[in-house]
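Throughout, residue positions are numbered sequentially from 1 according to the sequence presented.
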Amino acid sequence: MTVVEPRLTLERRLLRERTVLIACDEVGRGALAGPVAVGAVAIDAPTARRRVPSGLRDSKLVPEPRRADVATRASGWVNAHAVGWATAAEIDESGIMRALGLAAVRAIGALRDAGVAVDEAIVLLDGNYDYIAPVAGGLDVRVQIKADRDCASASAASVIAKVARDAQMVRLHERHPAYEWVHNKGYASPVHRAAIRAHGLSPYHRASWAIADAPTLF
């Protein structure tokens, strides 16, 4: 399989319109348990002219043993970075799309707190649907399918968020070891499903989901 290396072509074009670009990507959307996380990174035109960090890819394409190192390099490459969260309870209460919007707005808010000129930014959002606008209007959001694969800034947001969420699931595993979140990170697996049948749902499961019917991913 040919691995696509992310580039900065789109970012450089968008940075002709604005002085700041914020790239966002989510992780954990399809999990049965745990929060959803949205990574956000800010870059400017000088950053977009620098070499993309070695090994940077969409987080799904980076082998797990290498993700933390790639995330560290990505964090050092961008001007600022943050991860926003929405809990399983918020997913149950509001639905996954609004929860994604909440997480994204929280990540962007953290960038604002770090000094990023959010109001002057274009927000590059991976996917085909703007889930940010229904939560917080006024941002210039541009959706792009496969941005996490093709755009280096979105790849950076993806891998930073993935490493952060995986670490959170490892911490939650210590409270509820039966579900083996240390291995499956809250996604469907035979062990995870068996534990749900044996022990029921934890407070970190998305109780509104049809968990019994969820496909096994591992």
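In this structure, R12 places its CZ atom where more than 12 heavy-atom neighbours from other residues, nucleotides or ligands lie under 6.0 Å away.
For H199 and H205, the ring centers are positioned 6.0 Å apart or more.
Residues I22 and V143 share a single hydrophobic cluster, defined by chaining ILVMFWY side chains whose heavy atoms lie under 4.5 Å apart. Residue L8 is not grouped with residue V20 when hydrophobic side chains (ILVMFWY) are merged at heavy-atom distances under 4.5 angstrom, including chains of intermediate members. In the hydrophobic clustering of this structure, V27 does not group with V135; members are Ile, Leu, Val, Met, Phe, Trp, Tyr whose side-chain heavy atoms approach within less than 4.5 Å, directly or through other members. Using a 4.5 Å cut-off between side-chain heavy atoms of Ile, Leu, Val, Met, Phe, Trp and Tyr, with links allowed through other members, V41 and V116 fall into different hydrophobic clusters. Residues W77 and V62 share a hydrophobic cluster, clusters being chains of Ile/Leu/Val/Met/Phe/Trp/Tyr side chains in contact below 4.5 Å.
Nearest heavy-atom pair, A103 versus V38, reported as atom, atom and distance to 0.1 Å: CB-CG2, 3.7 Å. For the residue pair A156 and A74, the shortest heavy atom distance occurs at CB-CB, 3.9 Å. When all heavy atoms of N184 and S189 are compared, the closest pair comes out as ND2-OG, 3.4 Å. Shown here for L56 and A152, the closest heavy-atom pair between the two residues is CD2-O, 3.5 Å. Closest of all the heavy-atom pairs between V159 and R67 is CG2-O, 4.0 Å. For P6 against V52, the heavy-atom pair with the smallest separation is O-CG2, 4.3 Å.
Taking 4.5 Å as the limit, some side-chain heavy atom of P35 sits within range of a side-chain heavy atom of M169. Using a 4.5 Å heavy-atom cutoff, the side chains of R29 and M97 are in contact. Using a 4.5 Å heavy-atom cutoff, the side chains of W209 and I96 are in contact. By the 4.5 Å heavy-atom criterion applied to side chains, D150 and L10 are not counted as neighbours. No side-chain heavy atom of I91 sits less than 4.5 Å from a side-chain heavy atom of R98.
Residues passing the side-chain hydrogen bond (donor to acceptor under 3.5 Å, both in side chains) test with R175, sequence neighbours excluded: Y204. Here A107 pairs with A40 under the side-chain contact (heavy atoms from CB on, under 4.5 Å) rule; sequence neighbours left out. Looking at residues two or more places apart in sequence or on another chain, you find a side-chain hydrogen bond (donor to acceptor under 3.5 Å, both in side chains) between E17 and R142. For D119, the salt bridge (Lys or Arg N to Asp or Glu O under 4.0 Å) partners are R112, not counting sequence neighbours. A search for side-chain contact (heavy atoms from CB on, under 4.5 Å) contacts involving R73 returns P53, S54, D69, V70, not counting sequence neighbours. With sequence neighbours excluded, the residues that form a side-chain hydrogen bond (donor to acceptor under 3.5 Å, both in side chains) with S158 are D25, D58, S59. For E180, the side-chain hydrogen bond (donor to acceptor under 3.5 Å, both in side chains) partners at least two apart in sequence or on another chain are H183. Looking at residues two or more places apart in sequence or on another chain, you find no salt bridge (Lys or Arg N to Asp or Glu O under 4.0 Å) involving E93.
Taken from CD1 in I132 to SG in C24, the straight-line distance is 4.5 Å, to the nearest 0.5 Å. Between the NZ atom of K185 and the CD atom of Q168 there is a distance of 12.5 Å, given to the nearest 0.5 Å. One distance of note links CZ of R171 with CD of E174; it measures 8.5 Å at 0.5 Å rounding. Here OG of S155 is found 13.0 Å from CZ of R7. Values are rounded to the nearest 0.5 Å.
Ring planes of H176 and Y179: tilted class, angle from 30 to 60°.
Residue pairs meeting the side chain to side chain donor-acceptor pair (under 3.5 Å) criterion with at least one partner in residues 35-51, sequence neighbours excluded, are D44-T47, T47-N79. The stretch residues 130-139 participates, sequence neighbours left out, in no side chain to side chain donor-acceptor pair (under 3.5 Å) pair at all.
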May I have the list of side-chain donor-acceptor pairs in residues 121-129 shorter than 3.5 Å, sequence neighbours left out?
unit_1: D126; atom_1: OD1; unit_2: A147; atom_2: N; d: 3.0
unit_1: D126; atom_1: OD1; unit_2: D148; atom_2: N; d: 3.1

When the side chains of residues 80-89 are checked against the rest of the protein, which donor-acceptor pairs come out under 3.5 Å, sequence neighbours left out?
unit_1: T87; atom_1: OG1; unit_2: A89; atom_2: N; d: 3.4
unit_1: T87; atom_1: OG1; unit_2: E90; atom_2: N; d: 3.1

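Between the side chain of E11 and the backbone N or O of L21 there is no donor-acceptor pair closer than 3.5 Å.
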